[in-house]
**Q** 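If you scroll down you'll find the structure; I have some questions about it.
Chain letters run A, B, ... following the sequence lines, proteins first and then strands; every chain starts at 1.
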Amino acid sequence: MSPIPLEYGLGLAAALFALGLVGALVRRSVLFILLSIEIMLNAAALAFIFAGARWGQPDGQVMFLFILTVAAAEVCVGLALLLQLYQRFKSLDADQAGRMKG
Amino acid sequence: MAVFVVSSTVALISTVLVITRRNPVHALLYLILSLLAVAVLFYSIGAPLAAAFELIVYAGAIMVLFVFVVMLLNPGALAAGSPRRRPLFWLVPVLLGLVLLGELVYVFTRLPPRPLASGVVPPQQVGLALFGPYLLGVELASFLLLAGLIGAYHIGRRKPT
């Protein structure tokens with residue numbers, strides 16, 4: 001097993017991040033936007049892990065744990081917002097949320 | 001290197017399938033598959049703690065939260081597809097999962113019993129770094145989790161004021 005070059009790992013992370021960004025931009029359902037945000041956070045964590053493994057330092061995994069915390073908090077609040085949105089509009093369309101007043 | 005190529009291909013394919021599905025439950029299952037592939041990748045580049053957390057927290061906890069919310073919502077309004085059951089929708093995820101399983105068997109049987117990467121960072125080092133120089137970050141993460149908990153409770157109340 002030859003070690004994996006850093007460029008490949010960062011390329012994979014960039015590709016996953018781009019996929020998540022495309023998903024967040026083209027989908028209208030709030031649920032899919034949250035999923036795409038998860039994909040992007042995961043891609044960022046992947047880049048951190050690859051960079052940490054390149055130099056053999058634990059800092060990459062520490063950053064991964066922080067990203068995990070951010071993802072958990074974001075999902076928690078985002079899903080609560082999604083439930084409220086669904087109760088008000090009976091739909092998950094993100095464009096409908098523009099009609100929310102106050 | 002073969003492990004990297006195979007699992008990154010599985011991750012990319014399943015991520016593409018996540019953002020193109022109509023049914024949210026299918027998208028969730030593909031995202032879990034993508035997270036499994038990324039966990040294999042973490043393990044193969046010498047980050048076993050990150051691989052375990054990817055499985056336990058991401059695929060185990062966060063995705064289950066998504067599944068709960070999807071089940072709380074009305075599934076008829078979510079699934080815009082045809083009501084007729086398509087009998088073959090399980091084929092692609094099963095194939096991708098079998099690819100990951102084959103990769104696991106390959107790693108366990110063919111390769112000599114030594115770590116895949118040269119520089120494996122053990123969980124002890126990560127813990128020492130986490131509670132040594134990054135102690136302030138851990139405290140801030142706990143603040144963030146508390147804020148997320150209170151925010152979700154406040155937003156998710158059944159009767160909005």
**Q** Show, in sequence, the C-alpha distance, side-chain angles and deciding distance for S36(A) and I19(B), and conclude whether the side chain to side chain contact (heavy atoms under 4.5 Å, CB included) test is met.
**A** CA-CA 7 Å; S36(A) 305; I19(B) 63 173; 4.2 Å; yes
**Q** What part of V5(B) gets closer than 4.5 Å to chain A, counting heavy atoms only: side chain, backbone, both or neither?
**A**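 For V5(B), no heavy atom lies under 4.5 Å from chain A.
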**Q** The criterion is side-chain contact (heavy atoms from CB on, under 4.5 Å); which residues satisfy it with I13(B), sequence neighbours excluded?
**A**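 With neighbours one apart ignored, the set is T9(B), L17(B), L96(B).
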**Q** Any chance you could measure Q87(A), atom CD, to R157(B), atom CZ, to the nearest 0.5 Å?
**A**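 If I round to the nearest 0.5 Å, the distance is 12.0 Å.
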**Q** For V26(A), which atoms come within 4.5 Å of any heavy atom of chain B: side chain, backbone, both, or neither?
**A**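 V26(A) has no heavy atom closer than 4.5 Å to chain B.
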**Q** I would like to know whether F68(B) and L79(A) meet side chain to side chain contact (heavy atoms under 4.5 Å, CB included); could you show each step before the answer?
**A** CA-CA 10 Å; F68(B) 272 157; L79(A) 287 179; over 6 Å; no
**Q** Identify the heavy atoms of A71(A) and Y58(B) that sit nearest to each other, and give their distance.
**A**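 For A71(A) versus Y58(B), the nearest heavy atoms are CB-OH, 3.6 Å.
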**Q** Calculate, to the nearest 0.5 Å, the distance between atoms CD and CG belonging to E38(A) and L35(B) respectively.
**A**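 Here the rounded value is 8.5 Å.
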**Q** Over 60° means perpendicular and under 30° means parallel, so tell me whether F4(B) and Y8(A) are parallel, tilted or perpendicular.
**A**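 Answer is parallel, since the angle falls under 30°.
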**Q** What about L149(B) and L65(A), same hydrophobic cluster or not, with Ile/Leu/Val/Met/Phe/Trp/Tyr joined at side-chain heavy-atom distances under 4.5 Å?
**A**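 Shared cluster, no.
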**Q** Say you draw a straight line from OG of S8(B) to CG of L16(A); how long is it, rounded to the nearest 0.5 Å?
**A**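 S8(B) OG to L16(A) CG: 9.0 Å, rounded to 0.5 Å.
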**Q** What are the two closest non-hydrogen atoms of Q125(B) and P58(A), and how far apart are they?
**A**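 Nearest pair, atom of Q125(B) first, then P58(A): OE1-CD, 3.6 Å.
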**Q** For the pair L31(A) and F66(B), evaluate side chain to side chain contact (heavy atoms under 4.5 Å, CB included) and give the outcome as yes or no after the intermediate values.
**A** CA-CA 8 Å; L31(A) 187 75; F66(B) 268 104; 3.9 Å; yes
**Q** Using non-hydrogen atoms only, which part of T69(A) is less than 4.5 Å away from chain B: side chain, backbone, both, or neither?
**A**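 Backbone plus side chain of T69(A), per the 4.5 Å heavy-atom cut-off to chain B.
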**Q** Using non-hydrogen atoms and a 4.5 Å limit, figure out which bit of E74(A) sits close to chain B: side chain, backbone, both or neither.
**A**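 E74(A) has no heavy atom closer than 4.5 Å to chain B.
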**Q** side-chain hydrogen bond (donor to acceptor under 3.5 Å, both in side chains): which pairs involve residues 132-147 of chain B, sequence neighbours left out?
**A**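 Non-adjacent pairs meeting side-chain hydrogen bond (donor to acceptor under 3.5 Å, both in side chains): D59(A)-Y134(B).
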**Q** Among L34(A), N42(A), V70(A), which residue has the highest count of heavy-atom pairs closer than 4.5 Å to chain B?
**A**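 Most pairs with chain B among the choices: N42(A).
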**Q** Could you check which of V75(A), V62(A), V22(A), L46(A) has the highest count of heavy-atom pairs closer than 4.5 Å to chain B?
**A**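 Most heavy-atom pairs within the cutoff with chain B belong to V62(A).
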**Q** If I measure from the heavy atoms of chain B, does L82(A) come under 4.5 Å with its side chain, its backbone, both, or neither?
**A**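 Contact with chain B involves the side chain of L82(A) alone.
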**Q** What heavy-atom pair brings C76(A) and A152(B) nearest, and what distance separates the two atoms?
**A**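 Minimum heavy-atom contact is SG-CB, 3.4 Å.
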**Q** Hey, any chance V126(B) and F131(B) share a hydrophobic cluster, counting ILVMFWY side chains that come within less than 4.5 Å of each other, even indirectly?
**A**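 V126(B) and F131(B): one cluster.
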**Q** How long is the span from the CD1 atom in I155(B) to the CG atom in L83(A), to the nearest 0.5 Å?
**A**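 The distance works out to 10.5 Å.
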**Q** Rounded at 0.5 Å granularity, tell me how far CZ in F64(A) sits from CD in E54(B).
**A**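 Rounded to the nearest 0.5 Å, the CZ-CD separation comes out at 4.5 Å.
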**Q** Measure distances from L41(B) to the heavy atoms of chain A and classify the residue's part below 4.5 Å as side chain, backbone, both or neither.
**A**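 Side chain of L41(B) only, per the 4.5 Å heavy-atom cut-off to chain A.
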**Q** When hydrophobic residues are tied together by side-chain contacts of less than 4.5 Å, even through go-betweens, does L85(A) share a cluster with V77(A)?
**A**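 Shared cluster, no.
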**Q** Side-chain heavy atoms nearer than 4.5 Å, only ILVMFWY residues, links allowed to pass through others: does that put L128(B) and L130(B) together?
**A**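 The answer is no; the residues belong to distinct hydrophobic clusters.
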**Q** Checking heavy atoms, do the side chain of I49(A), its backbone, both or neither come under 4.5 Å from chain B?
**A**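 For I49(A), the contact with chain B is made by backbone and side chain together.
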**Q** Just verifying a value: how many Å separate F32(A) CZ and T20(B) OG1, rounded to the nearest 0.5 Å?
**A**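 Taking CZ in F32(A) and OG1 in T20(B), the distance rounds to 8.5 Å.
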**Q** With a 4.5 angstrom heavy-atom cut-off, which part of L41(A) approaches chain B: side chain, backbone, both or neither?
**A**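 Both backbone and side chain.
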**Q** With clusters defined by side-chain heavy atoms of hydrophobic residues (ILVMFWY) lying less than 4.5 Å apart, directly or transitively, does M71(B) cluster with V69(B)?
**A**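 Cluster IDs for V69(B) and M71(B) match.
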**Q** Please classify the contact between L144(B) and chain A as side chain, backbone, both or neither, with a heavy-atom cut-off of under 4.5 Å.
**A**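 Both parts, backbone and side chain.
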**Q** Yes or no on side chain to side chain contact (heavy atoms under 4.5 Å, CB included) for Q61(A) and F42(B), after CA distance, side-chain angles and deciding distance?
**A** CA-CA 10 Å; Q61(A) 298 189 46; F42(B) 283 170; over 6 Å; no
